[in-house]
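Here is the structure we will look at, set down as structure tokens.
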Amino acid sequence: MFQPVSSSTDFPAQERQVLEFWKRTRAFFRLRELLAHSQKRFAFIDGPITANNPMGVHHAWGRTYKDLWQRFFAMKGYNQRWQNGFDCQGLWVEVNVEKDRGFQTKRDIESFGVEKFILLCKQRVLNSAAMQTEQSIRLGYWMDWDDPDELRMLAEKIVTSPQEVITLRRDGKAIQGTVEQLVGQLGTPELGRSYFTFSDENNYQIWHFLKRCHERGWIYRGEDVIPWCPRCATGISQHEIDTEGYKDREDPAFTVRFKLTHFDTTHIQWASSEAREKFLHAHGAFMLAWTTTPWTLAANIMLAVGPQLRYSVVRQVHKDGEIAVYFLGAQTLRTLRGEYEVLGEIQGVHMAGWTYQGIFDDLPAVIDTIKKWEDLHGKTFRHPVILWEEVSETEGTGIVHNAPGAGPEDYQLGKAHSMPRIAPLDENGIYLPGFNELSGKHAHDVPDIVEAMLRARGWFYRREKYLHRYAHCWRCGTPLVYRMVDEWYISMDELRYEMMEVVQRINWIPAFGKERELDWLRNMHDWMISKKRYWGLALPIWEYPDGTFEVIGSYEELKARAVAGWEEFEGHTPHRPYVDKVKIRHPQTGLIGTRVSDVGNPWLDAGIVAYSTLRYRTDRAYWEQWFPADFITESFPGQFRNWFYALIAMSTVLEKREPTRTILGFATLLDEKGEPMHKSKGNAIEFNEAADRAGADVMRWLYIRQRYDDNLLFGYNALNEVRRTVILPLWNAYSFFVTYANADDWSPHQERPSLELRNQLDRWILARMAETVNSVHQSLMAFDARPAALAIEVFIDDLTNWYIRRSRERFWGSQMTTDKRAAYATLYEVLTTLARLIAPMMPFLSEVMWQNLVHQRDVSAVTTAPEGAFSVHHQPFPEPRPLDESEQNLLDAMQITRLVVTLGHNARAQSKVKVRQPLNKLSIVADAQAQTVILAQQELIKDELNVKAVEFVTDEQSLVTYRVLPDLKKLGKKLGETLPRVRTALSQLDPVQVVTRVRAQQPVEVDGVTLQPDEVIVQRIPKPGLSVAGDNSIVVALDTTLSEALIQEGLAREVVRRINDLRKSAQLHISDRIITHFTASPRLAEAIRAFADYVQRETLSIELHESPAAQSIASEQFHIDEEQLTVWINLGHAIMEGQRS
RNA sequence: GGGCGAUUAGCUCAGCUGGUUAGAGCGUCCCUCUGAUAAGGGGAAGGUCUCAAGUUCGAAUCUUGAAUCGCCCA
């Protein structure tokens, strides 16, 4: 007996039962045992998920792919590592801990204590990892998961008692250490399970990598002007500003007058003869420059003009009587206020070398900087006008204010022109001393002060509001500033080309990924690897007082080199503040080296995992077995310059090899309207909520059927559609099978009829199954999920809406016949194959089906682990095989049959005669080959369309006319421009004559051109007015004449339908026998009498009486067209079992 | 500003190397079938295939330009 199956199942609840089943039976561990000795390996490396928050439905997308292919290859017998990863170090964790604690600045962290702060960061990671582990398990993701409670225990103790010695148990072995030490060893071979990028091994492996870079001379300390978050007080690397980092912001835009002190009028083309005079009589000549970052004006050094641009010279008389002349881009005169007169024009190139009076040359800091510059260069400093190709006139005045200490391009230009640099801000974005009223103020708070200062000096021209895209901190949302700082870099001069070679060897899905990555490599700057923060990789760079530095490559090396501070560090993970204590001595100079206080870029942490988690330093043979990965997958946004990039960079440096053979990237998850999901916008869907409401299988299916390069519009409507169109039909097919198999006491152990004894439908669905297996297998091997999902959807539709629907009656009879056995055997084979086929995609549903169909058990009732390969996930994936010719023919034949049926329904609709009304015959026009097929399937067609006979029409012209068309593909080349004429001429010939010739394989003469028979296409057009339907090859017609017998039969069928509705509404069981009483109007009563056997059979009425019943469990009056019917039904008890034929 | 991609029905998208009447799913409406099915079937409405020019016997498809929208990079 199979476990009874309800047709209305709570899928999420059922999934929780399956999770319990897997847990109790240790199903995942059984899988690992079964695969442990396999020689085949599928190497997957998990891109670490940021362990900072609960996971979202977007994470579940990628994790579904990861699980899909791990399960698929497991079913194909490939051994695997099953290691999940957590990304642990970096600013994002710090920001959240700061938020929790209410910290505003780095000073708050310092006064709280770096040591305690780091522990809080570790705690947050461990707690988030515990939560994400639970959620991933809920998704059905099979991995070597940690026990969430153990992670939470560690999270608790890492803060309360980090130095307590505790014991963790693994496979009966006890592993001892302090809490801090054990946390640093998570994911190692000894402790196993998920890897954590904060682990000792991960950090030391990065040290090794950086040392290798240093050996090649690529590590350097660079001064640069970089985007800087004033809240986090750290630089934001180019890698980190993604599109999310840009937000609309309204800033004050200033137009400022820069008074020229030296210029040359030779190249000015004067507009008129008086223009030059007017120019010379003005009170002052100014360059007009425009900026949206007024805080940088105090650092102004130069002005830049475009060498090719034309500049206008304009004269304005101001209210206070001042007469001024201005230089500004000829296309930018709209920026002027008030009336003006154009005096002339000059090309930008001629303005090079002009000088102007610095706008804030009176500020102590500016005086000081310029003084130093003059001392160094031995000459007086003048603010210059320089040329810059990048200057445009689309914004501002075509003259660019340049502050080499406060903007990245400015910095490069300043360097090229050997200009002084004024760096006005400290790390919190506050003006340094020496800027008078600006000092002590925040960069974003000074527009009013700047305006006042400009006005006081006479340099103010205009202020407006300006809305633009501005870079914000990707973690805390604060608008960025630019600061000149020392940071550590890896030079990309050589590495980028080596990486490009490695990129070429990777299979990128979708293919454009390769170009994206190459494009990034071509354009990227040197890799900034430092961050002036606390929680992260301790950069293993020790600096000496003379400015030289060394990179330390391992714990052992540091220990050997340490001259102080080792005792304080030993026993701790390589994090701040302990590692900072260790000093080393320079072998030659004897100077004492101190670690730079910076921490590392977090993408180093994630990029190294192809080495650190595969025991590269400790067990090279193991690494060789699992490297490179066969497959990795992540969502692309950001990853071309983040994880994919770091992974490739580090593997290129260490081994010049690709870290993975295939990279699958996929797009972004959005809400149902296509908007990004944001908690604050209220359109975010929590993973737990989605899993509870829709179920993990449904979610997984939505992900799997999604195109990789399209954004996924995620929401409950989409989920519900999956449930309705995929899950429910499949479930119903399964529930149908179980219901009838139980009723018939059918068991898989009974002998099953050989293929020859199965009918056409059976063989057809088995061929379709094989075809589907082939297609799914092929797609999954190519890492192409969507076609696999779509093939299964089509198959489920074929199964439910054709195979089962057409086979229903075979399951109804009370006798067990060979045909019935064939039907059970076939449906059983299909469902068990299907369960294995969908197992990697819908692990829950497939498990429920498998346990019941194969083991006749309910997952919730299993308490101990069964023997052997008990789970569907322990089964081999269905084997692909080529279809033989007869199977192929059967597939083609069924297609034709279904076409005839579709056309028949179409004709029915036109005739307005319901399907319930039997008709005498269906006439068909079809070619010989199709006729054979139709003949073979005629019972099915007759039944489906409710006609008594199917016949082929000899005189097809009674039903159809013809359309004859030239075969354009063939004739286009042959005829060229005479084609339209031939086409018209052909359409004017008598189609019947053309058809006659073509069918006789005779050529056709058209307008002097001879067309071969195969160059003419003949279409059959149904004649209008008949109940006729057709496509171009097959035409069907219904004979709608009704005899009294047919009408009676139709009425009888109506009666059956009414009685069965009544049975249903009385909630009778399918097999309940009834006693039926009725009264009816004369014509109807006669019909019922004539078809009494039929009515009784179809309604399971053991008695049928033409009289009212005294009492009944259900009764109803009906109107059928003009006729009246009243029906009473009563339970008939099963005493008459066997009467039903 | 540069690069890549897109623009087809109300919505989400197919339409391969040019070919005859441009399709599907969802949604809407009508009809219909039904003792596994909250399903299924038939039909209707809905498209100047973003615009313009070109190549061609023939363009949703190829070329060029424009517009708009993404993504990536400046």
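We name chains A, B, ... by the order of the sequence lines, and we start the count at 1 in each one. All values below come from the heavy atoms of this structure, side chains included, with hydrogens, waters and symmetry mates left out.
Here rG58(B) sits opposite no nucleotide as a Watson-Crick or G-U wobble pair (both hydrogen-bonding atom distances under 3.5 Å). The partner of rA52(B), taking Watson-Crick or G-U wobble pairs whose two distances both stay under 3.5 Å, is rU64(B). Pair assignment for rA39(B): none, as no Watson-Crick or G-U wobble contacts are both less than 3.5 Å. Shown here, rA45(B) forms no base pair; nothing in the strands shown gives a Watson-Crick or G-U wobble contact with both key distances under 3.5 Å. When both distances must be under 3.5 Å, the Watson-Crick or G-U wobble mate of rC71(B) is rG3(B). In a base pair of the Watson-Crick type (N1 to N3 plus N6-O4 or O6-N4) or a G-U wobble (N1-O2 and O6-N3), with each distance short of 3.5 Å, rC13(B) is matched with rG23(B).
If you check the side chains of D410(A) and Y482(A), you find no donor sitting under 3.5 Å from an acceptor. Residues T9(A) and W731(A) bring a donor and an acceptor atom of their side chains to less than 3.5 Å of each other. Side-chain contact check for W508(A) and E515(A): no donor-acceptor pair (N or O, by modelled atom type) lies under 3.5 Å.
Distance from the side chain of R641(A) is smallest for rC72(B) among the nucleotides rA36(B), rA14(B), rC72(B). Here the nucleotide nearest the side chain of D519(A), chosen from rG35(B), rC72(B), rU20(B), is rC72(B). With rG41(B), rC26(B), rU32(B) as the candidates, the nucleotide lying closest to the side chain of R724(A) is rC26(B). Proximity note for I1017(A) (side chain, C-beta onward) versus rC26(B), rU20(B), rA36(B): the nearest is rU20(B). Side-chain proximity of N1060(A) to rG35(B), rU21(B), rU20(B): nearest is rG35(B). Checking rC26(B), rA36(B), rG35(B) against the side-chain heavy atoms of E721(A) singles out rC26(B) as nearest. You'll find that the side chain of R707(A) is closest to rA14(B), out of rA14(B), rA39(B), rU21(B). Listed nucleotides: rC73(B), rA36(B), rU20(B). Nearest to the side chain of R808(A): rA36(B). Distances from the side chain of K914(A) to the nucleotides rG35(B), rC33(B), rG19(B) place rC33(B) closest. Distance from the side chain of F736(A) is smallest for rA36(B) among the nucleotides rC57(B), rC73(B), rA36(B).
At a threshold of 4.0 angstrom between heavy atoms, the contacts of D967(A) include nucleobase atoms, whether or not backbone atoms are also involved. Residue contacts shown for Y740(A) are limited to sugar-phosphate atoms, with no base heavy atom under 4.0 Å away. Across all strands, T800(A) comes closer than 4.0 Å to base atoms (heavy-atom distances). Base engagement by I804(A) is indicated by at least one non-hydrogen atom pair under 4.0 Å involving a base atom. Within 4.0 Å of A733(A), counting heavy atoms only, lies at least one base atom of the nucleic acid.
The side chain to side chain contact (heavy atoms under 4.5 Å, CB included) check on R805(A) picks up W802(A), R808(A), E944(A), with sequence neighbours excluded.
Listed pair R1053(A) / rU34(B) meets the phosphate criterion, a side-chain N or O lying under 4.0 Å from OP1 or OP2.
Distance CZ (R898(A)) to P (rG40(B)): 13 Å, rounded to an integer number of Å. For the pair K514(A) NZ and rC4(B) P, the interatomic distance rounds to 17 Å; values are reported in whole Å. Regarding L713(A), its CG atom lies at a distance of 10 Å from the C1' atom of rC11(B), rounded to whole Å. Atom CG of L945(A) and atom C1' of rC33(B) are 12 Å apart (whole Å). Atom-to-atom, CD of E517(A) to C1' of rC4(B) comes out at 15 Å; the value is rounded to the nearest Å. Separating the CZ atom of R1057(A) from the P atom of rU34(B) is a distance of 6 Å, rounded to the nearest angstrom. For N906(A) and rC31(B), the CG to P distance is 17 Å, given to the nearest whole Å. Atom CD of E515(A) and atom C1' of rG2(B) are 15 Å apart (whole Å).
Closest non-hydrogen pair, L719(A) versus M699(A), comes out as CD2-CA, 3.7 Å. In terms of heavy atoms, L834(A) sits closest to F795(A) at CD1-CD2, 3.9 Å.
Side-chain atoms of R908(A) and base atoms of rG42(B) include no donor and acceptor less than 3.5 Å apart. Remark: the R805(A) side chain and the rU34(B) base include no donor-acceptor N/O pair separated by less than 3.5 Å.
Only the P atoms considered, rG25(B) is 31 Å distant from rA52(B), to the nearest whole Å. One P atom belongs to rG3(B), the other to rG47(B), and the distance between them is 37 Å to the nearest Å. The separation of rA9(B) from rG2(B), taken at their C1' atoms, amounts to 36 Å, rounded to a whole angstrom. Across the P atoms, rU7(B) and rC62(B) are found 10 Å apart, a figure rounded to whole Å. Only the P atoms considered, rA38(B) is 15 Å distant from rG27(B), to the nearest whole Å. Rounded to whole Å, the separation between the P atoms of rG23(B) and rG43(B) comes to 13 Å. Distance check on atom C1': rU21(B) versus rC49(B) gives 15 Å, rounded to whole Å. Comparing rU63(B) with rG5(B), their P atoms sit 11 Å apart, to the nearest whole Å.
Of the two residues contacting RNA chain B, namely R723(A) and H905(A), the nearest-nucleotide position lying further toward the 5' end is that of R723(A).
A heavy-atom distance below 4.5 Å is not found between the side chains of F737(A) and I804(A).
For Q412(A), the CD atom sits in a packed shell: over 12 heavy atoms of surrounding residues, nucleotides or ligands are nearer than 6.0 Å.
Ring-plane geometry between F811(A) and F736(A) is classed as perpendicular, the angle between the planes exceeding 60 degrees on a 0 to 90 degree scale with a lower cut at 30.
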